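For reference, the structure discussed in these notes is given below.
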There are 2 protein chains.
Amino acid sequence: MAQLRIALAQVNSTVGDLDGNADLIVEWTRRAADAGAHLVAFPEMMLTGYPVEDLALRKSFVEGSLRVLERTARRLADEGLGDVPVVTGYLDRRTVSLVRAGQPAGSPLDAAAWLHGGEVLVRSAKHHLPNYGVFDEYRIFVRGDRLPVVRLHGVDVATVVCEDLWQDGGPVSVTETANAGLLLAINASPYERDKDDVRLELCARRAREAGCALAYVNMVGGQDELVFDGDSIIVGADGTLLARAPQFTEHLLIADLALPAADPALEPGKVPVDALDGTTITIDRRVLSPTPLPAYPVEPQSVSEPLDDLGEVYAALVLGTRDYVRKNGFRSVILGLSGGIDSALVATIAADAIGPDNVHVVLLPSRYSSEGSVTDAEDLVKRQGLHSRVVPIARMVEAFEEQLDLTGLAAENLQARIRANVWMGLSNEYGHLVLTGGNKSELATGYSTLYGDSAGGFGPIKDLTKTMVWALARWRNAQAGSDLAFLHPFGEEPIPEVIIDKEPSAELRPGQKDRDSLPPYDVLDPLLVDYVERDMGRDALVAAGHDPALVERVIRLVDLAEYKRRQYPPGPKITAKNFGRDRRVPITNRWREPSAE
Amino acid sequence: MAQLRIALAQVNSTVGDLDGNADLIVEWTRRAADAGAHLVAFPEMMLTGYPVEDLALRKSFVEGSLRVLERTARRLADEGLGDVPVVTGYLDRRTVSLVRAGQPAGSPLDAAAWLHGGEVLVRSAKHHLPNYGVFDEYRIFVRGDRLPVVRLHGVDVATVVCEDLWQDGGPVSVTETANAGLLLAINASPYERDKDDVRLELCARRAREAGCALAYVNMVGGQDELVFDGDSIIVGADGTLLARAPQFTEHLLIADLALPAADPALEPGKVPVDALDGTTITIDRRVLSPTPLPAYPVEPQSVSEPLDDLGEVYAALVLGTRDYVRKNGFRSVILGLSGGIDSALVATIAADAIGPDNVHVVLLPSRYSSEGSVTDAEDLVKRQGLHSRVVPIARMVEAFEEQLDLTGLAAENLQARIRANVWMGLSNEYGHLVLTGGNKSELATGYSTLYGDSAGGFGPIKDLTKTMVWALARWRNAQAGSDLAFLHPFGEEPIPEVIIDKEPSAELRPGQKDRDSLPPYDVLDPLLVDYVERDMGRDALVAAGHDPALVERVIRLVDLAEYKRRQYPPGPKITAKNFGRDRRVPITNRWREPSAE
């Protein structure tokens with residue numbers, strides 16, 4: 001056996017911020033070197049951030065990634081870190097470009113590089129491109145076809161990128177043939193509920209298949225609608241968990257591994273192998289240091305416990321909100337505080353994410369607001385120490401009513417839109433980012449006003465059912481006094497109990513309650529999950545035990561709301577090519593076109 | 001040689017309206033049969049509409065398509081049309097499903113079927129899946145691997161689907177080997193400027209490669225952001241144009257073709273052939289009627305002239321607007337009419353699309369509106385016979401000012417948002433669809449108010465530069481008295497000349513002009529086209545002759561606006577799977593989950 005101390009740098013990179021991300025590589029490599037690591041690994045697309053969407057198709061962006069990669073290799077050496085090999089994700093392109101109709105412009109690659117001695121030692125790229133759910137990688141990448149195997153202190157280390165671990169065939173299937181002693185997978189794998197369990201099982205299975213230990217480093221941080229949770233993992237060749245990083249925070253996971261020494265008969269060079277998925281993968285062997293290290297004392301492994309289910313979700317919302325605010329260059333947020341549970345939870349998440357002193361709330365009572373609404377909201381403001389302002393809307397509503405004779409829903413929507421005008425005005429005047437308070441139950445059923453309560457830049461709870469909103473509010477109150485790092489240390493329960501307990505109401509007409517328009521949430525929410533998230537059809541919903549009449553009603557509500565929810569006006573496309581900014585670009589994105597040289 | 005009269009049914013199907021689309025198949029097959037056609041072809045995905053986006057992943061939708069396809073075959077026979085073979089696009093699925101991670105659920109196919117004698121004779125599916133620009137088909141389809149060749153009246157007719165024509169290799173490359181006498185391509189190919197020329201060249205080239213005549217039938221109609229222009233084409237084996245349908249209108253293109261008689265030695269059966277793209281295509285031969293028809297007198301061919309460039313664009317906008325309104329179940333539209341060119345052009349497009357009597361406009365003067373704004377707008381209303389209403393906003397602005405001390409841009413945005421509140425209120429009260437008037441120059445540079453002028457359901461001119469807005473307004477005025485079918489027969493120029501000639505202004509502060517904030521449009525627009533549509537980087541823009549300082553400024557404006565333009569609040573995704581309605585579904589979509597049987 002040979003020893004190797006590896007460091008997995010679970011860091012938070014920002015899309016487009018090539019220089020900032022390169023700084024992170026240098027900074028965390030230094031920390032790893034200081035801890036005596038022999039190898040440091042960074043996540044998939046570390047240098048560019050992930051996902052880059054159609055930025056991958058822009059020539060200057062790919063060139064920027066390549067330039068900064070090489071500059072970073074030199075800089076590591078210049079700063080005395082050239083001896084520690086660094087594996088990092090970056091954006092590359094196929095040198096023999098496949099120019100044909102429909103192929104991504106410039107043949108971009110979701111690439112991995114080994115940096116060492118001031119140079120880029122070996123390059124490879126993701127073979128399996130995910131193109132489902134939140135991923136659209138066939139649009140922007142071409143496949144890699146290589147498995148690099150680098151001999152480091154007598155251990156053959158193979159590297160693959162993210163999806164290659166999730167699919168059968170391809171580079172991972174070749175790892176056993178390659179006789180690797182360690183399989184290193186670099187990832188940008190977004191958080192989903194319960195995914196941590198799936199990942200650990202996957203890593204254990206692939207380790208057994210490859211017949212070697214597996215180190216899995218994942219990105220952490222928020223990027224638009226996605227949150228990366230970290231949860232980096234190391235398992236032994238038998239699938240045993242050896243080390244695990246904490247979730248939702250940057251972390252350097254260091255582990256001393258005892259690994260099989262490489263067969264010296266295996267020479268450097270390239271060997272094509274059938275990858276069992278209809279393709280050929282070339283094993284690309286390099287030797288950095290052929291001999292195992294002299295034995296050294298190992299440090300204890302660290303295995304973090306995952307958070308419980310609600311804690312995970314809450315941590316994801318806090319991190320997602322903080323990174324959306326900060327990475328987009330805002331320092332403060334504003335939101336309407338109604339006295340109801342949704343805006344109360346959003347305010348609390350925001351206070352945890354960026355500190356109460358950066359959270360501004362507006363109370364916007366109308367003629368239909370109950371007295372409790374204002375006093376409950378004021379109680380929350382006081383408990384959390386937020387900035388607040390009261391802006392009654394009655395006079396504004398009257399000014400519209402002088403000109404327009406709106407009734408029913410139109411009159412209700414008017415009030416919601418006047419409120420949005422107020423917070424958008426304050427946002428424009430003072431530069432706060434507007435947070436919205438819509439939850440998934442409301443949004444899915446259309447119980448929401450277009451350009452009204454739904455207006456704003458970021459909706460922290462838009463993917464939570466109302467049931468989950470209540471559960472998280474109770475969970476958060478129960479943490480008062482806890483030392484969880486992602487929570488602000490409020491002295492008491494941050495959300496007044498009366499806000500959690502009151503019956504939901506939009507307060508847009510006298511005596512209005514959610515239950516006048518919607519089924520009770522404990523019946524509605526499970527049905528929404530089955531229809532909206534599990535994509536079950538009508539028959540399947542009824543077969544699963546949902547009330548047939550309710551199924552009819554909710555399908556109708558959701559299908560209608562789906563249409564109404566599309567706010568940005570589409571219009572016919574008539575450009576010569578649907579190119580450029582008509583393509584998809586991340587919102588949070590620091591990439592700036594380079595200046596002329 | 002053998003004769004064949006073929007009919008290309010260039011029709012307007014609606015996404016999700018399986019029964020309505022099936023009705024169209026029966027109706028147009030009857031018209032073709034009445035005209036003596038021996039074969040009728042409908043567009044790609046005729047039965048489901050196109051594009052269906054993630055609806056393809058819903059089991060009940062695929063089953064609906066299969067059920068309606070078979071029902072339509074029987075119905076054609078029941079109604080005495082069983083002898084005329086019908087080729088149509090529909091949604092199918094691979095029977096041997098490839099269940100593996102990342103493959104589209106249910107293995108959907110973008111399929112083509114021959115219907116004959118009450119039955120589905122042969123099925124095939126698109127081989128090349130476009131996954132660029134507006135297409136994302138790797139997400140929702142798996143590849144077809146078959147080229148059906150059906151002998152009809154002694155002619156071997158091969159069928160392919162859309163993208164198979166655009167890519168090298170695959171079924172089209174096998175057509176010559178298959179000795180086909182006619183290649184029939186069914187398409188849903190969206191309009192792009194100047195695409196008609198590209199299509200004709202492509203058809204001519206593929207005909208020469210395949211060594212046989214080629215018939216190209218395309219969809220017509222608007223679907224959300226896309227417009228299909230029809231422009232169905234028939235070319236001879238040497239690439240000569242034989243027949244061409246008009247653009248932007250439903251049409252039955254009938255042509256008598258003299259085609260080589262099939263080699264009787266070629267027997268029915270399946271033959272796998274190397275498709276020159278790394279795959280194997282199976283030629284699937286069927287015989288419907290082995291013997292050529294007795295000679296019959298041919299009808300003259302019809303070759304429609306394409307519209308000129310501006311006429312094409314205007315026709316696309318009219319059709320796109322009409323179908324967005326009608327297919328989404330609206331009968332009328334509402335928009336704010338400012339007295340400027342943008343809203344004037346939108347009103348005119350709307351009047352052409354759905355008739356002036358269905359167009360409602362609101363004049364919303366503020367303290368900064370010039371007198372001309374109102375009188376010019378009133379002149380347009382009178383010329384076109386629109387419904388109009390004046391709603392002064394001064395009192396509403398004052399009511400906000402009593403509570404808020406907004407300055408600069410925040411104060412300007414407030415007025416734009418108050419106006420939007422008015423038209424959204426009237427939309428909610430009376431059920432009109434809101435049209436917005438933002439053009440691409442404004443939207444790309446952020447010269448627009450979020451939830452203000454940009455608020456609404458459909459933006460007919462959002463993809464036009466300001467330069468193009470003026471050009472189309474002049475083009476439309478010059479058509480007064482023309483008999484173009486897509487224009488309303490106004491007695492005089494529909495747009496007052498003074499509206500076209502006046503200097504652009506948002507009128508949100510005293511004396512404001514666009515040129516205070518933006519470069520002149522004749523300089524800005526070409527730069528926007530290069531940066532936004534052609535995706536050129538900074539160096540390339542300067543090299544192309546744009547002023548370096550202007551390039552800096554416009555890149556900054558566009559990058560900032562790109563962020564601000566994203567209106568719908570994103571938020572972290574934390575569902576167990578990113579499934580269901582979180583997937584992409586067309587806005588215009590008539591699909592309804594079937595009731596329990």
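These numbers were taken from a predicted model, which means no experiment stands behind them.
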So, for [X] and [Y], which heavy atoms are closest and what is the spacing to 0.1 Å?
X      : Y      : result
B:A420 : B:Y451 : CB-O, 3.3 Å
A:V434 : A:G456 : CG1-CA, 3.6 Å
B:F61  : B:L55  : CD2-O, 3.3 Å
A:S454 : A:T436 : O-CG2, 3.6 Å
B:A410 : A:E429 : CB-OE1, 3.4 Å
B:E163 : B:Y132 : OE2-OH, 2.8 Å

Based on non-hydrogen pairs under 4.5 Å, which of [options] is most in contact with chain A?
options                : result
B:T465, B:D405, B:L426 : B:D405
B:V391, B:L404, B:L129 : B:L404
B:L414, B:L319, B:N413 : B:N413

Under 4.5 Å from any heavy atom of chain B, what part of [X] do you find: side chain, backbone, both or neither?
X      : answer
A:R389 : side chain
A:P392 : both
A:E402 : side chain

Checklist entry - Which of the residues A:L406, A:N421, A:N428, A:V529 is involved in the greatest number of heavy-atom pairs with chain B at under 4.5 angstrom? => result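 Heavy-atom pairs under 4.5 Å are most numerous for A:N421.
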At a 4.5 Å cut-off on heavy atoms, which part of [X] comes close to chain A: side chain, backbone, both, or neither?
X      : value
B:I418 : both
B:P548 : neither
B:E398 : neither
B:V422 : both
B:D530 : neither

Checklist entry - By ring-ring contact (aromatic ring centres under 6.0 Å, His included), which residues pair with A:F400, not counting sequence neighbours? => result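 None.
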Item to check | Check: A:T321 side chain, A:L317 main-chain N or O, donor-acceptor pair, under 3.5 Å | outcome: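 Yes, because the side chain of A:T321 sits within donor-acceptor range (under 3.5 Å) of the backbone of A:L317.
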